[in-house]
Amino acid sequence: METTTMNRDATVPTSVPASSSNRGKIVILLLFAAAIGAFFYFDLGRYLSLEALKSNRDALLAFTDQHFAWAVALYIAIYCVVVAVSLPGALILTLAGGFLFGSVLGTVLVNLGATTGSTLAFLAARYLLRDWVEAKFGHRIGAIQEGFSKNAFSSLMTLRLIPLFPFFIVNLVSGLTRVSLATYVTATAIGIIPGSFVFAYAGRQLGMINSLKEIASPNVLLAFTLLGLLALVPIIYRKFARKQT
């Protein structure tokens, strides 16, 4: 009788984590679905456009001046949600960051929002899908997993600097690999700095344009020059990476 009781008790803990894990996955999926559904149902994308940014410029600047801490918190939170749920609008938000907070602070806030959102997407993909992917295709992707884990930082830096794949795809696919969370966060935070600064600077200059004549001003021309030079960053990084190997 004692043996039977012990065996019966021993089976209880194994079933609880499984059901709890399934409930957690369902909750996360519902949250993602609700966020995406609300975005499209309420047509929130209309607020994430250059036209909306320009037409609401004075109101946004006034709110930022009067409620700076709230503006910073709301900006980071919105950016984080957009990136985490893989919604369109990150580019406009980056321009808005430079426009509202300046090039340097805007870059910092963009980095905080984008890195946090990317990390949430990474963790969600890992929690929801990695075990299934490895169980289903583990024998096929084992070599890829091993190779990526050995050069995880360099690979992620390259993916962040070279926009060959959409930002959200890199977030989700990275979660299916065995790259460590620390490596992912570090590579993401560093890799998005050049693009964040260039677009934040461009947003700052575009937000200050009041007439067509100002398009040819030195600051605006510098913004477009930086956008062009941004394309050279991946080439420079690849040459630097080769020298280090």
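It should be emphasised that the depicted structure is a prediction, and the values quoted were computed from it without experimental measurement.
- What you find for I92 and L48 is that their closest heavy atoms are CG1-O, 3.5 Å.
- L95 CG to R204 CZ: the interatomic distance, rounded to the nearest 0.5 Å, is 13.0 Å.
- F32 has its side chain out of reach of S86: every pair of non-hydrogen atoms, C-beta onward, lies at least 4.5 Å apart.
- Following chains of ILVMFWY side-chain contacts shorter than 4.5 Å, one cannot reach V72 starting from L74, and the two form parts of different hydrophobic clusters.
- Each of T94, I192, T115 was evaluated against V110; a single residue qualifies, T94, per the side-chain contact (heavy atoms from CB on, under 4.5 Å) test.
- Under the 4.5 Å side-chain contact rule for hydrophobic residues, L105 and I76 share a cluster.
- For the pair G106 and A200, the tightest heavy-atom approach, listed with the atom from each and the gap, is C-CB, 4.4 Å.
- The shortest heavy-atom contact between V179 and A152 is CG2-CB, 3.5 Å.
- L120 is not connected to L181 by any chain of hydrophobic side-chain contacts under 4.5 Å among Ile, Leu, Val, Met, Phe, Trp and Tyr, and they are in different clusters.
- Of the possible donor and acceptor atoms, none in the side chain of Y75 sits under 3.5 Å from a partner among the backbone N and O of G113.
- Here the side chain of T177 pairs a donor or acceptor atom with the backbone of S174 at under 3.5 angstrom.
- T186 places no side-chain N or O within 3.5 Å of a backbone atom of T183 that could act as its donor or acceptor partner.
- Using a 4.5 Å heavy-atom threshold, the side chains of L156 and T188 count as separate.
- Side chains of L172 and L129 form no contact here, defined as non-hydrogen atoms less than 4.5 Å apart.
- Counting heavy atoms of neighbouring residues, nucleotides and ligands inside a 6.0 Å radius, atom OH of Y127 exceeds 12 of them.
- Panel note: side chain Y201, backbone T107; no donor-acceptor pair is recorded below 3.5 Å.
- The structure places OG of S118 at 11.0 Å from CG of L123, a figure rounded to the nearest 0.5 Å.
- Between V82 and P88, the closest heavy-atom pair is CG1-O, 4.2 Å.
- Taking the six-membered ring for Trp and thresholds of 30 and 60 degrees, F68 and F101 have ring planes more than 60 degrees apart, a perpendicular arrangement.
- Side-chain N or O atoms of R126 include none that pairs as donor or acceptor with a backbone N or O of L176 at under 3.5 Å.
- T116 and Y79 share no donor-acceptor pair across their side chains, judged by distance under 3.5 Å alone.
- Criterion: ILVMFWY side-chain heavy atoms under 4.5 Å apart, direct or through other members. Under it, L128 and V81 are part of a common hydrophobic cluster.
- For the atom pair SG of C80 and CG of L93, the computed distance is 11.5 Å after rounding to the nearest 0.5 Å.
- A distance of 6.0 Å separates CZ in F39 from CG in L44, rounded to the nearest 0.5 Å.
- Residues L109 and L91 share a hydrophobic cluster, clusters being chains of Ile/Leu/Val/Met/Phe/Trp/Tyr side chains in contact below 4.5 Å.
- Atom-to-atom distance recorded for R160:CZ and Y184:OH is 4.5 Å, nearest 0.5 angstrom.
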